[in-house]
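Report on the following structure.
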Amino acid sequence: MTTPFSVATWNVNSLRARIDHVLQWLKESGVDVVCLQETKMTDDRFPADVLREAGYEHLVWHGQPTYNGVAILSRYPLEDIQTGLPDDEDDPQARYVSATVLGVEVHNVYVPNGQAVGSDKFHYKLRWLERLHQRLQGRVSAERPLILCGDMNIAPDDVDVWDPFVMDGQLLCHPEERRRLEAIRALGLRDGFRERNPFASAFSWWDYRQRGFERNHGVRIDLIYASEALHTRCTDVSIHRHVRSWERPSDHCPVVATFE
DNA sequence: ATGGTGGAAAGTCCA
């Protein structure tokens, strides 16, 4: 029948700078499928050999110089790999990769940050979310096992931010971006962490600046959404907060969902 | 305090 497996999302803020943390965390977590964002390297520099040695034989990566970059590391074979959104030809930003593993469609995204509400980059963010919506429309159904995960760069609700009054209407919380994320979720996706922890303010990103982690000034923007068929198999969603306290960490920590 | 910290990459851009 179905194979139990776990899936993680983690914005590593440079895979080159974070490779030791990644290897350490892969060893301690043993997660089966890992979706990375912000690898920040060209494809020829991707450390495929060392990741294969760590047990992740099946890899896909999609990078560019300096910025962005996404990858999927898997203990199980990857099929139907797609790098970039379908209409990516005039967009050089590497923010999307998808593959099917164990019969599950995994869509790994690095949603644009948006820089500042109302800026050109903010409009690019909104447009990118609409392109993601188009990609998933018709693919999400109750019966098909599917995951959408990644750095959404949007806190879905006020409970997902350290201070909803300070953050009200700001980047990561603005109604225009929240509305577009909710429209994607409403295609038929479930936020397993939120459903299991309805009132928990638990975060996945803390600003490097102004001692954000020490003061727990964080937001939950790294999400794992599952289709109905997969959500019924979900046994746990955990935020691996301790990784953020390691020496010279990414500003994001990993999030892991487990399915039976 | 239009700052602050960290990464890429070599002066800024991005988050």
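Chain letters run A, B, ... following the sequence lines, proteins first, then strands; residues in each count from 1. Everything numeric here is computed off the predicted structure, so don't read it as measured data.
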Rounded to whole angstrom, note down the [atom1] distance from [N] over to [M].
| N | M | atom1 | answer |
| --- | --- | --- | --- |
| B:dT2 | B:dG7 | P | 25 Å |
| B:dT5 | B:dA10 | P | 24 Å |
| B:dG4 | B:dA15 | C1' | 13 Å |
| B:dA1 | B:dG6 | P | 24 Å |

Would the distance check show the side chain of A:Arg18 and the main-chain N or O of A:Asn13 forming a donor-acceptor pair, the cut-off being under 3.5 Å?
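Yes: the side chain of A:Arg18 pairs with the backbone of A:Asn13.
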State which residues pass side chain to side chain donor-acceptor pair (under 3.5 Å) with A:Arg179; sequence neighbours excluded, sorted by chain then number.
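If we apply the side chain to side chain donor-acceptor pair (under 3.5 Å) test to A:Arg179, skipping adjacent residues, the hits are A:Glu176.
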Where do A:Ser98 and A:His107 come nearest, in terms of heavy atoms and distance?
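Shortest heavy-atom contact: CB-ND1, 3.7 Å.
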Could you tell me if A:Arg75 sits above the aromatic ring of A:Tyr56, with its cationic atom closer than 6.0 Å to the ring centre and no more than 45 degrees from the axis?
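Yes, a cation-pi geometry holds between A:Arg75 and A:Tyr56.
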All N/O donor-acceptor pairs, side-chain side in residues 148-159 of chain A, below 3.5 Å, sequence neighbours left out:
unit_1   : atom_1 : unit_2   : atom_2 : d
A:Asp151 : OD1    : A:Asn153 : N      : 3.0
A:Asp151 : OD2    : A:Asn11  : ND2    : 2.9
A:Asn153 : ND2    : A:Val111 : O      : 2.8
A:Asp158 : OD1    : A:Arg178 : NH1    : 3.2
A:Asp158 : OD1    : A:Arg178 : NH2    : 3.3

Return a single string for nucleotides 6-15 of chain B, one symbol per nucleotide in 5' to 3' order, where B is base contact, S is sugar-phosphate-only contact and - is none, cutoff 4.0 angstrom on heavy atoms.
SSSS---BSB
Please lay out, stage by stage, how A:His240 and A:Trp25 fare under the test ring-ring contact (aromatic ring centres under 6.0 Å, His included).
CA-CA 10 Å; A:His240 287 209; A:Trp25 181 77; 5.6 Å; yes
